[in-house]
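For the numbers below, each heavy atom of this structure counts, side chains included, while hydrogens, waters and symmetry mates do not.
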Amino acid sequence: MCGIVGYTGHRQAAPILLDSLSRLEYRGYDSAGLAVRNGTALAEVVKATGKLYHLADKTDQGRALAGCCGIGHTRWATHGDPSVVNAHPHVSGNCSGSGSGTVESDVAGVHNGIIENYTELKEKLLRHGYTFYSDTDTEVAVKLVDYYYKKYKIGPVDAITRCMVRIRGSYALALMFKDYPDEIFAARKDSPLIIGVDEKESYLASDVPAILKYTRQVHYIGNLQVARVAPGKVTFFDLNGDEVSVPLTEITWDAEAAEKGGYEHFMLKEIHEQPQAVRDTLNSLVKDGQIDLTETGLTDEMIREIGQIDIVACGSAWHVGMAAQYVIEDLAGIPVRVELASEFRYRNIPIDRKTLVIIISQSGETADSLAALRVAKERGAATLAIVNVIGSTIAREADHVLYTMAGPEIAVATTKAYSAQLVAADILAIHMAGIREKMTADQVREMLGELATLPDKMRRVLEEKERLQWFSSKMANTHDIFFIGRGLDYAISLEGSLKMKEISYIHSEAYAAGELKHGTISLIENNTLVIGVLTQKELYEKTVSNMMECKSRGAYLLGITTNGNFSVEDSVNFTVYIPKTDQHFMASLAVIPLQLLGYYTSVNRGLDVDKPRNLAKSVTVE
Ligand code: AGP
């Protein structure tokens, strides 16, 4: 997704903006640009396609752009192809060419989001004499602000709020006005934006890692709010232009937490951070041996009233939902549906006040999941968000929030956030089971005791990484992989398959083991790799039989099973063992070998592990 940065203070802006943009690269982008105030003119604008270093080179690492106030942007194209002319910042002037160079316009801006009605707004502006040099919705937004600013001869805040009333869609905007030389104006609806301050400088960014090096004091600007950002001072306004207060939040993430910490890739670092992420999440939800969900606002009475749970998410978060379904139904006896957010939001699925809709999202900004949340609320369901980013949009709009404590996750392929979400769902299941008297207090205590052993058991699995590294070195020519399992093992297979696909670009499929024979087994050829997840006592022998059916057609078998289950070696070609734990928590351990397999395969293929092609860390557009 697009990344926005801004700086105003006493130091040269461009080097700070470039550094901040570099910490947002994980969001995925295809072009970048800067606009820096350079005295009398509005700004000097420089843009470049491709990686950020092209822009840095073009501006001599920022030294060629003098000025202490500026905005920057990395663009992930949604309207208009990746090009210099479509790159941000965009300006209000009817300039020719790409909108680069010294710009005499009155307004310049950068944007993250989608202006859904930009065509009608563009036609309106064309009727008022504006011309356009790009194909973007952002240029329309910037010119619309300029239009109101000139037509009503009002200040930037009022011009922006008038624009917000007309715009449909999502946006995080950072704007500079020629008449306000050292200030930046910001506005947001549904797209992420934070504003950092210290005594003499102010910063804007789409995400925390961009400014953590400069300040830990941030404001999470609210939805439909406007900010006036001066050096070391920020003022907030609501849609009526009335001043409002937005609390300052201390970011506790260390700067190193967003660095690689000695690992080759963020992903490997985050795989190894999983035990800590799980421990921190458990510790935030279990106090003195008792589950404490007070902060979510979920009361015992509400939990007793639940008639149906709908878990709604995307990607790996949806895989967490698939695992949680087995755990919640088995422990708490509540029926659970697991829905893809992009489907849920358009289905007329029966929901009533006894339905609890759980939205799982690492970023808390995924557009499909946010839209599903709003649909659920419109239909009267109680909503609970399980998210990792404090203050994120989904966190703030859900009725109840349960935070995971995975810390900043930079790699596009999620690992530690996935694991933290798994145990958060386990805690929720156990809590509900206790409240609904499906489990005794002793059983709850026993389960919590077992959960507490997971971090150490996860560390033991990580010690197996060399075996996975060796195995992945044999997979250079693999072009099709099948991950299979039954019950919770099927849910684990889903995540293993996605990890492999998204970072190694090898086609793979996850299949319920019992389903293979209904068609897909026709794809099994000589040396096709079939990975069986074999952790569920009552089911794994059936999966082994399914694997043998594949072996008889030439497949090569890898089995992931629990220590002591040595009989599996009679059937499969390669076995990975994980420690034993309660059946319900097996996903937390079995997923690690699958993450490592995907990671090492990607490394062996020389791919960009942390920023895989075509993907973004947070999909904030539909
Ligand atoms: C996971 O490795 C992927 N990067 C992707 O599927 C991700 O899980 C999905 O886009 C949901 O993101 P969210 O958890 O931030 O909502």
Any chance the side chains of [X] and [Y] put a donor and an acceptor closer than 3.5 Å?
| X | Y | value |
| --- | --- | --- |
| Ser316 | Glu495 | yes |
| Glu365 | Ser392 | no |
| Thr138 | His90 | no |
| Thr414 | Gln362 | no |
| Asp182 | Thr8 | no |
| Thr235 | Glu243 | no |
| Tyr147 | Lys151 | yes |

Exam field: side chain [X] to backbone [Y], donor-acceptor pair closer than 3.5 Å:
| X | Y | answer |
| --- | --- | --- |
| Lys377 | Glu397 | yes |
| Thr404 | Val387 | yes |
| Arg37 | Phe177 | yes |
| Thr620 | Thr366 | no |
| Asn388 | Ala417 | no |
| Ser20 | Ile16 | yes |
| Glu44 | Asn38 | no |
| Gln595 | Lys499 | no |
| Arg605 | Ser504 | yes |
| Glu139 | Tyr133 | yes |

Tyr505 ring centre to Arg613 NZ or CZ under 6.0 Å, with the angle to the axis within 45°?
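Relative to the ring axis of Tyr505, which defines the angle, Arg613 lies inside both limits.
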Just verifying a value: how many Å separate [X] [atom1] and [Y] [atom2], rounded to the nearest 0.5 Å?
| X | Y | atom1 | atom2 | result |
| --- | --- | --- | --- | --- |
| Ile4 | Leu204 | CD1 | CG | 8.5 Å |
| Leu24 | Lys617 | CG | NZ | 14.0 Å |
| Asn117 | Leu121 | CG | CG | 4.0 Å |
| Ile359 | Leu402 | CD1 | CG | 13.5 Å |
| Arg347 | Phe344 | CZ | CZ | 8.0 Å |
| Leu615 | Lys501 | CG | NZ | 11.5 Å |

Assess whether a salt bridge exists between Asp19 and Arg23, defined as any Lys/Arg side-chain N lying under 4.0 Å from an Asp/Glu carboxylate O.
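Yes.
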Please find the pair of heavy atoms, one from [X] and one from [Y], that lie closest to each other, and give the distance.
| X | Y | result |
| --- | --- | --- |
| Thr136 | Ser134 | OG1-OG, 2.9 Å |
| Thr59 | Val46 | CG2-CG1, 3.7 Å |
| Ile184 | Cys69 | CG1-SG, 3.8 Å |
| Leu21 | Gly72 | CD2-C, 4.0 Å |
| Ala411 | Asp610 | CB-OD1, 3.6 Å |
| Asp368 | Arg345 | OD1-NH1, 3.0 Å |

Walk me through whether Cys68 and Arg11 qualify under side-chain contact (heavy atoms from CB on, under 4.5 Å).
CA-CA 6 Å; Cys68 300; Arg11 290 186 285 168; over 6 Å; no
Are the side chains of [X] and [Y] in touch, meaning some heavy atoms are under 4.5 Å apart?
| X | Y | result |
| --- | --- | --- |
| Tyr130 | Asp146 | yes |
| Leu65 | Lys58 | no |
| Ile115 | Val140 | no |
| Tyr171 | Met164 | yes |
| Val145 | Phe185 | no |
| Ile349 | Arg379 | yes |
| Glu343 | Glu339 | no |
| Leu175 | Pro156 | no |

Carefully, step by step, assess Arg162 and Ile154 under the rule side-chain contact (heavy atoms from CB on, under 4.5 Å).
CA-CA 10 Å; Arg162 280 180 178 269; Ile154 48 181; 3.6 Å; yes
Result of checking [options] against [X] for side chain to side chain contact (heavy atoms under 4.5 Å, CB included):
| X | options | value |
| --- | --- | --- |
| Ile358 | Val312, Thr383, Ile311 | Ile311 |
| His219 | Val197, Val229, Thr249 | Val197 |
| Arg188 | Val226, Asn112, Ile194, Asn223 | Asn223 |

Chi angles and distances behind the salt bridge (Lys or Arg N to Asp or Glu O under 4.0 Å) call for Glu25, Lys611:
CA-CA 8 Å; Glu25 286 190 275; Lys611 295 191 284 293; 5.1 Å; no
Please say whether more than 12 non-hydrogen atoms of neighbouring residues, nucleotides or ligands are located less than 6.0 Å from NZ in Lys150.
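Result for NZ/Lys150: enclosed.
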Neighbour count >12 (heavy atoms, 6.0 Å) for atom CD, Glu120:
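Counting neighbours around CD of Glu120, more than 12 heavy atoms of other residues, nucleotides or ligands fall under 6.0 Å, so yes.
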Decide yes or no on side-chain contact (heavy atoms from CB on, under 4.5 Å) for Glu270 and Ile410, but give the supporting numbers first.
CA-CA 8 Å; Glu270 289 157 6; Ile410 306 300; 3.6 Å; yes
Under 6.0 Å between ring centres: does that hold for Tyr7 and Tyr214?
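When the ring centroids of Tyr7 and Tyr214 are compared, they turn out to be at least 6.0 Å apart.
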Let me see the working for Glu183 and Arg228 under salt bridge (Lys or Arg N to Asp or Glu O under 4.0 Å), right down to the final yes or no.
CA-CA 7 Å; Glu183 293 184 279; Arg228 178 172 186 168; 2.6 Å; yes
Could you please spell out the steps behind the side-chain contact (heavy atoms from CB on, under 4.5 Å) verdict for Ile221 and Val246?
CA-CA 7 Å; Ile221 177 173; Val246 175; 5.6 Å; no
Identified side-chain hydrogen bond (donor to acceptor under 3.5 Å, both in side chains) partner of His88 from the options Lys47, His73, His111
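Between His88 and the candidates, side-chain hydrogen bond (donor to acceptor under 3.5 Å, both in side chains) is satisfied uniquely by His73.
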